[in-house]
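The structure appears below as structure tokens.
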Amino acid sequence: MTLDEKYDPQKVELRWQKYWAERGIYITELDVSKKKFYCLEMFPYPSGEIHMGHVRNYAIGDVIARYKRMCGYNVLHPMGWDAFGMPAENAAIKHNVHPSEWTYKNINNMKKQLNRMGLSYDWEREVTTCSPEYYRWNQWFFLKMLERGLAYRKYSYVNWCPSCATVLANEQVIDERCWRCDSTVIQKKLEQWFFRITHYAEELLQGCDELKGWPERVVLMQKNWIGRGEGVEVDFPIEGMAEQLKIFTTRPDTLFGVTFMCIALGHPVSEKLVKDIDTLDAIKTKYGKEDEKIGLFTGYYAINPLNGDRVPVYVANFVLIEYGTGAIMSVPAHDQRDFEFAKKYNLPIRVVITPEDVPQSAPPPPHPLPHGEGGYLKIPSSEGYLKIPSPLMGEGEGGGGNLLSEITEAYEEEGILVNSGQFNGLRSEIARQQIVRFIEEKGLGKATVNFKLRDWGISRQRYWGTPIPIIYCDKCGIVPVPEKDLPIILPEDVKVTGKGGSPLLESEKFLNTECPKCGGKARRETDTMDTFVDSSWYFIRYCFKKGDIDLNSELRTPDSELKFWMPVDQYIGGVEHAVLHLLYSRFFTRVLRDIGLLNVSEPFQNLLTQGMVIKDGAKMSKSKGNVVDPNYLIEKYGADTSRLFSLFAAPPEKDLEWSDKGVEGANRFLTRLWGVVYKNSDKLQVTSYKFIKNNSSPLADNASRLFRKTHQTIKRVTADIEREYHFNTAIAGLMELMNEITSFESKSDEDRAIFRFA
RNA sequence: GCCGGAGUGGCGGAAUUGGUAGACGCAAGGGACUUAAAAUCCCUCGUCCCCAAAGGGCGUGCCGGUUCGAGUCCGGCCUUCGGCACCA
């Protein structure tokens, strides 16, 4: 083969891409004789064009896949399309095309682009989530969850995006705004389907410690999101009522400091206690907003079961109905929110905790002390100032506490108990245990664990998603679609207008059906599933070749292909999915394990979260107008230059600052490489390594240096890839070797052999 | 507020476990080639002192500490970027 003098990436790349495709060399077959490696990049939403974020993500994944292949692994490296979702509907509204047509056209185009990048995918396993053969299994999973009580229907307040006209999961609300369109989210009462992810809360949290191959910060974000809180539930009797008020607290050591109670709006007891509708409305409008605390005295009093205190019960906007029991005990001296509330409504404050390292009977300080912030005395100590409560406070055991107008903040730290009857003098930590034991022994309540994690609302009033396989019958009620009737196909005859409720209500053919139980007239569920359901198991679908699959028979196959490939060995994608997608996938994997489909608990062994692509100080985005089109780059420089630059400019986990000049630098390197091979093609014809192998004659200094450098480079590149996937330093190493090669002058046959080796 | 990253030349970034700070690339300056430009190739390139060379001083956000030796470890700050946020 003769080389062109000039590096022509278009010619070279297309030639090899054709070669690969013709021979199908990236098609993966099950081969149990080799070690498997499942390399996965997050699949794209088919928006129409790939962007630099994709280029970066897929260049990283491709290097890993190719590296592992060359190391002798049987590599699974698939690609697919997260094809359901809003943009297709928006396009339908705007351009009057069917979402399906729009989506498939985009997939077609983007697939060409990915192939032009020279990515080594096995397209025989391509997944398209909007195809019935894919989403029928969404429906199947739904039925399985229903059987196990993991899917259920609930009437509740939901996050509602007025612009998208649909419900959002808690995870999809960012700063009270819709994660997609940025509209302000409102609360609406609707009946919705939920997945009981909270059933796995404890396991998902404990599983975090197994995620050794994940970035620490992602694991932490998962932990924070699950948000485990250990505490105790205590029943407070209400005067003049049969019901007791159950509260949850993580600070039972402050139970003697309760001076009032607060319940959430919508708490079952609240409706019995409150008559003032106007004030309730005011609280409603301020619900969950941090700015102002509003409350309404119910006229009722609760009795503190520990000390018999009679304390007023309020309805307050800052109490969350979804967390704990929807009711709290308020300890203004030791909780800032309670403190603010107490100030506003002139409620008593009673100190029950004092800082630990200050002696109880501290001698009067020598000088007049600054009467520091908030009724605390400031005592100079080795660690700056210690705040201790002024002696004015907390006097009079069993009294109503003192109203201290000069206090400005609550003392939320741990310390020694005071004014707490038999528990006086104990440290918070000890007191908590003893008080909990006391409460349990007396039957006043019990130790409990609460999570911040909520169940996953999956109903969406959208067209372009998986139909929920449920039928409503007047006689039989909620009836699941029998498995044999799957898939429930999304009807084509629906006009997407973006107005009103569920678009599926429009299709009479879809809506009206027979009840599978009694055969009578019935109607179908018109909501579709959240698209995060699709992406919660797509990595499982890749384990099979294209075409129909049968997960039922899979359940009975202990050594199936699925069990061979799972888990994913290396997952690569953006940090923006650190909570949502990754948490849902971990949940799904556990459910599928429990129904017998999988024998692993964690889907992703190793996770690499790549940074964003930045230009002019901001993330590349259409709305900011700072995008660089990969098409343009590939046309001008070729795919290899584009990939090389995105790997060289920064380590993968960091943000990548775009630089046009940097791209030229990457191109220059490839041009030099081409040039040195072209210019020396005669020397490269030498095929014998005997001079190296025999080492019979000592090498010339420069030859021995190049020889050593070559081996050092092999070692370094290998280490850089294996250690942290630091391709930037691996490439730097190759550039150094190139610099040595280009300055090398070969004079003898030995030299030429070394040169060729390098 | 809570949790977690990160601060190194003009810029992107190097520096396995404490051991020559600034690899590699970009930009910049000078030179060669050219009628000229582009491309390519060669040289310089943290900063200060010195005419220059040789040499030396100072340098990894700030202050202090441990050590023969600190970008790296410890304590205390400052700045900045993420995530969560009335979770009782």
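Sequence lines set the chain letters: A, B, ... in the order given, protein chains first and strands last, and positions in each chain run from 1.
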(request) Identify the heavy atoms of A/A447 and A/V436 that sit nearest to each other, and give their distance. (result) CB-CG1, 3.9 Å
(request) Measure the distance from CG on A/L734 to P on B/A14 and round it to the nearest whole Å. (result) 16 Å
(request) Taking atom P in both B/C42 and B/G25, compute the distance separating them and give it to the nearest angstrom. (result) 11 Å
(request) Would you kindly give the CD-to-C1' distance between A/E653 and B/A6, to the nearest whole Å? (result) 12 Å
(request) Determine the Euclidean distance between corresponding P atoms of B/C78 and B/C63; express it in Å to zero decimal places. (result) 15 Å
(request) Determine the Euclidean distance between corresponding P atoms of B/A38 and B/C33; express it in Å to zero decimal places. (result) 15 Å
(request) Provide the closest heavy-atom pair for A/L582 versus A/L607 in the form atom of the first, atom of the second, distance. (result) CD1-CD2, 3.7 Å
(request) Would you mind telling me which residue lines up with the more 5' stretch of RNA chain B, A/R251 or A/R716, judged by nearest nucleotide? (result) A/R716
(message) I need the CD1-P distance between A/I731 and B/G12, as an integer number of Å.
(response) 18 Å
(message) Using every non-hydrogen atom in the two residues, find where A/P652 and A/Y725 come nearest and quote the distance to one decimal.
(response) CG-O, 3.1 Å
(message) Tell me whether the rings of A/F341 and A/Y345 are parallel (<30°), tilted (30 to 60°) or perpendicular (>60°).
(response) tilted
(message) Using ring centroids (six-membered ring only for Trp), state whether A/F194 and A/W456 fall under 6.0 Å.
(response) no
(message) Rounding to an integer number of angstrom, what distance separates B/G18 and B/C24 when you compare their C1' atoms?
(response) 24 Å
(message) If I take atom NZ in residue A/K452 and atom P in nucleotide B/C2, what distance separates them, rounded to the nearest angstrom?
(response) 13 Å
(message) Let's go through A/E653 and A/H726 carefully: what are the C-alpha distance in whole Å and the side-chain angles of both, what is the deciding distance for side chain to side chain donor-acceptor pair (under 3.5 Å) to 0.1 Å, and is it a yes or a no?
(response) CA-CA 9 Å; A/E653 72 278 5; A/H726 277 189; 3.3 Å; yes
(message) Are A/T250 and A/F248 packed together at the side-chain level, in the sense that at least one heavy-atom pair is separated by less than 4.5 angstrom?
(response) yes
(message) Can you tell me if A/N728 touches the phosphate of B/C24, counting only side-chain N or O atoms and a distance under 4.0 Å to OP1 or OP2?
(response) no
(request) Measure the acute angle between the ring planes of A/F645 and A/W658, then classify it against the limits of 30° and 60° as parallel, tilted or perpendicular. (result) perpendicular
(message) I'd like the P distance from B/G19 over to B/G69, given in whole Å.
(response) 14 Å
(request) Looking at every strand, decide which applies to A/D338 at a 4.0 Å heavy-atom threshold: base, sugar-phosphate, or nothing. (result) nothing
(request) Measure from the side chain of A/N224, starting at C-beta and using heavy atoms only, and say which of B/G12, B/A23, B/C3 lies closest. (result) B/C3
(request) Using distance alone, with no hydrogens and no angle criterion, decide if A/Q433 and A/E429 have a side-chain donor and acceptor under 3.5 Å apart. (result) no
(message) If I take atom CD1 in residue A/I614 and atom C1' in nucleotide B/G13, what distance separates them, rounded to the nearest angstrom?
(response) 16 Å
(message) Near RNA chain B, counting only heavy atoms under 4.0 Å, which residues of residues 199-223 of chain A show up?
(response) A/R217, A/L220, A/M221
(request) Using the C1' atom as the reference point in each nucleotide, state the distance between B/G61 and B/U72 in Å, no decimals. (result) 16 Å
(message) Going by the glycosidic torsion and a 90 degree boundary from 0, is the base of B/G7 oriented syn or anti?
(response) anti
(message) Between C1' on B/G5 and CG on A/D655, what's the gap in Å once rounded to a whole number?
(response) 12 Å
(message) I need the full list of salt bridge (charged side-chain N to carboxylate O under 4.0 Å, His left out) pairs touching residues 709-720 of chain A, with sequence neighbours left out, sorted by first then second residue.
(response) A/K709-A/E736, A/R716-A/D720, A/R716-A/E736, A/D720-A/R723
(request) Output the single nucleotide from B/A85, B/A23, B/A88 whose closest atom is nearest the side chain of A/A732. (result) B/A23
Between N or O atoms, less than 3.5 Å apart, protein on one side and nucleotides 25-28 of chain B on the other: list the pairs.
from: B/G25; atom 1: OP1; to: A/N739; atom 2: ND2; distance (Å): 3.4
from: B/C26; atom 1: OP1; to: A/R668; atom 2: NH1; distance (Å): 2.5

(request) Starting from P on B/G12, measure out to CE on A/M612 and report it in whole angstrom. (result) 15 Å
(request) Take the protein atom OH of A/Y323 and the nucleotide atom C1' of B/A85, then report the distance between them rounded to whole Å. (result) 13 Å
(request) Examine distances only and state if a side-chain atom of A/D8 and a backbone atom of A/Q10 form a donor-acceptor pair shorter than 3.5 Å. (result) yes
(request) Would you sketch RNA chain B in dot-bracket for me? Only Watson-Crick or G-U wobble pairs with both distances under 3.5 Å count, crossing pairs as [ ], other-strand pairs as |, the rest as dots. (result) (((((((..(((......[....))).(((((.......))))).((((.....))))..(((((..]....))))))))))))....
(request) For the residue pair A/R672 and A/N667, confirm or rule out a side-chain donor-acceptor distance under 3.5 Å. (result) no
(request) Taking the six-membered ring for Trp and the full ring for Phe, Tyr or His, determine whether the centres of A/F297 and A/Y301 are under 6.0 Å apart. (result) yes
(request) Provide the distance between the two C1' atoms, one in B/U60 and one in B/G13, to the nearest whole Å. (result) 13 Å
Cut-off 3.5 Å, no hydrogens considered: what does the side-chain donor-acceptor table look like for residues 207-219 of chain A, sequence neighbours left out?
from: A/D209; atom 1: OD1; to: A/K223; atom 2: NZ; distance (Å): 3.1
from: A/K212; atom 1: NZ; to: A/D209; atom 2: O; distance (Å): 2.7
from: A/W214; atom 1: NE1; to: A/F604; atom 2: O; distance (Å): 2.7

(request) Please measure how far the P atom in B/U20 lies from the corresponding atom in B/A54, and state the result in whole Å. (result) 23 Å
(message) Between A/R432 and A/E414 (salt bridge meaning N to carboxylate O under 4.0 Å), is one present in this structure?
(response) yes
Pairs: protein N or O with nucleotides 15-20 of chain B N or O, under 3.5 Å:
from: B/U16; atom 1: O2; to: A/R723; atom 2: NE; distance (Å): 3.4

(request) Taking all non-hydrogen atoms of both residues into account, name the closest pair between A/Y7 and A/T671 and its distance. (result) CD2-OG1, 3.9 Å
